[in-house]
Amino acid sequence: MAGSSVTDGAAQRIGYITRIQSFSACHRLHSIHLSDEENKRVYGKCNNPNGHGHNYKVEVTVRGKIDAHTGMVMNLMDLKAHIEEVIMIPLDHKHLDKDVPYFAKVVSTTENLAVYIWDQMVELLPPSLLYEIRIHETDKNIIIYRGE
């Protein structure tokens, strides 16, 4: 209800927090389920045997009740620490296919990268707090994953 106070017994307000983190990594789009010719046809130049790189920008959004005592959905320092653990340490300046065990059998598309980040973040955050992972692979390609 407009104008009501959080402390007057009305329902708590819901807020969204988005933290943005950039990292660089390389990968090769190549499926073990396709032949070499099919991989070349499906992934084109992104199937280069030597791989290629991106400067990814990841937006991690949490959604929850704004705490009446702290005024926060969650502590941003905690969110920053979780992003460091899930994104920066395992992914920054890495070859996704060779350095991240998850991608040994999963094609390292940005869609699958978003799923990977989601699955790792949801393990660290309080239940039902993670709302969205948005990855800017390029200025023109943005992938959104909401755990569905």
Side-chain angles (χ1 to χ4, degrees), residues 1-33 42-148:
M1 170 170 10
S4 67
S5 167
V6 174
T7 58
D8 71 0
Q12 283 189 303
R13 307 288 178 127
I14 301 295
Y16 296 77
I17 300 173
T18 299
R19 173 102 182 159
I20 300 172
Q21 182 65 59
S22 297
F23 74 97
S24 299
C26 68
H27 68 140
R28 176 188 186 204
L29 295 183
H30 188 86
S31 173
I32 60 173
H33 305 291
V42 170
Y43 300 118
K45 66 182 182 179
C46 296
N47 183 245
N48 178 344
N50 295 318
H52 64 281
H54 294 284
N55 294 314
Y56 295 98
K57 182 172 79 171
V58 181
E59 299 179 26
V60 177
T61 301
V62 295
R63 174 193 181 275
K65 293 179 180 178
I66 300 171
D67 185 272
H69 302 289
T70 66
M72 298 186 289
V73 171
M74 81 171 290
N75 188 309
L76 277 172
M77 297 304 290
D78 293 340
L79 182 57
K80 181 180 176 183
H82 296 326
I83 288 171
E84 180 74 17
E85 183 177 340
V86 168
I87 297 172
M88 297 308 290
I89 293 170
L91 304 177
D92 190 34
H93 287 84
K94 300 289 176 34
H95 190 300
L96 299 178
D97 308 312
K98 297 178 180 182
D99 297 327
V100 183
Y102 177 85
F103 292 110
K105 295 184 180 178
V106 174
V107 182
S108 57
T109 61
T110 306
E111 294 92 323
N112 283 332
L113 180 59
V115 169
Y116 169 82
I117 292 171
W118 176 281
D119 288 349
Q120 302 304 306
M121 288 296 295
V122 82
E123 291 293 318
L124 299 177
L125 293 169
S128 302
L129 197 62
L130 186 57
Y131 176 73
E132 178 179 275
I133 301 296
R134 179 182 299 246
I135 303 177
H136 299 250
E137 178 186 57
T138 68
D139 290 340
K140 297 180 180 180
N141 298 337
I142 302 168
I143 284 68
I144 298 168
Y145 183 70
R146 292 185 179 149
E148 302 167 333

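If you read the sequence from its start, that first residue is 1, and numbering goes on from there. Hydrogens, waters and symmetry mates play no part in the numbers below; they use all other heavy atoms, side chains included.
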### Query
Any idea which heavy atoms bring Asp97 and Ser108 closest together, and the distance?
OD1-OG, 2.7 Å
### Task
Start with the C-alpha gap between Ile143 and Ile133, add the side-chain angles, then the distance that decides, and say whether side chain to side chain contact (heavy atoms under 4.5 Å, CB included) holds.
CA-CA 8 Å; Ile143 284 68; Ile133 301 296; over 6 Å; no
### Task
Taking all non-hydrogen atoms of both residues into account, name the closest pair between Pro49 and Arg28 and its distance.
CA-NE, 3.5 Å
### Query
So how far is it from Asp67 CG to Met72 CE, rounded to the nearest 0.5 Å?
7.5 Å
### Query
Hey, does the side chain of Asp92 reach the backbone of Ser24 with a donor-acceptor pair shorter than 3.5 angstrom?
yes
### Query
If you take all heavy atoms of Val115 and Tyr102, which pair is closest and at what distance?
CG1-OH, 3.8 Å
### Query
Can you list the steps and then say if Val60 with Ile87 is a side chain to side chain contact (heavy atoms under 4.5 Å, CB included)?
CA-CA 10 Å; Val60 177; Ile87 297 172; 4.2 Å; yes
### Message
Does any part of the side chain of Glu132, heavy atoms only, come nearer than 4.5 Å to the side chain of Arg63, both counted from C-beta?
### Response
no
### Task
Would you indicate whether the side-chain heavy atoms of Tyr145 and Ile117 approach each other to under 4.5 Å?
no
### Closest contact, heavy atoms only, Leu96 versus Phe103
O-CB, 3.5 Å
### Task
Check whether more than 12 heavy atoms from other residues, nucleotides or ligands sit under 6.0 Å from atom CG of Asn141, and answer yes or no.
yes
### Euclidean distance, His93 NE2 relative to Asp99 CG, rounded to 0.5 Å
12.5 Å
### Message
To the nearest 0.5 Å, what is the distance between NZ on Lys65 and OG on Ser128?
### Response
11.0 Å
### Message
Please find the pair of heavy atoms, one from Leu91 and one from Tyr116, that lie closest to each other, and give the distance.
### Response
CD2-CE2, 3.9 Å
#### Entry: Distance, nearest 0.5 Å, that separates NZ of Lys80 from CE of Met88
11.0 Å
### Query
Can a salt bridge be assigned to the pair Arg146 and Glu148 using a cut-off of 4.0 Å between side-chain N and carboxylate O?
no
### Gap separating the CE atom of Met74 from the CG atom of Leu125, nearest 0.5 angstrom
5.0 Å
#### Entry: Aromatic ring pairing His27/His52, orientation class (parallel under 30°, perpendicular over 60°, tilted between)
tilted
### Task
Report the C-alpha distance between Val86 and Leu124 in whole Å, list the side-chain angles of each, state the deciding distance to 0.1 Å, and finish with yes or no for side chain to side chain contact (heavy atoms under 4.5 Å, CB included).
CA-CA 9 Å; Val86 168; Leu124 299 177; 3.5 Å; yes
### Message
With heavy-atom distances below 4.5 Å as the criterion, would you say the side chains of Ile135 and Val58 are in contact?
### Response
yes
#### Entry: Minimal non-hydrogen separation, Thr61 against Leu130, with atom names
O-CD1, 3.6 Å
#### Entry: More than 12 heavy atoms of other groups within 6.0 Å of Glu84 CD
yes
### Partners passing ring pair (Phe, Tyr, Trp, His ring centres under 6.0 Å) against His82 (at least two apart in sequence or in another chain)
none
### Query
Any side-chain heavy atom of Glu137 sitting closer than 4.5 Å to one from Tyr56?
yes
### Message
Just verifying a value: how many Å separate Lys105 NZ and Ser31 OG, rounded to the nearest 0.5 Å?
### Response
13.0 Å
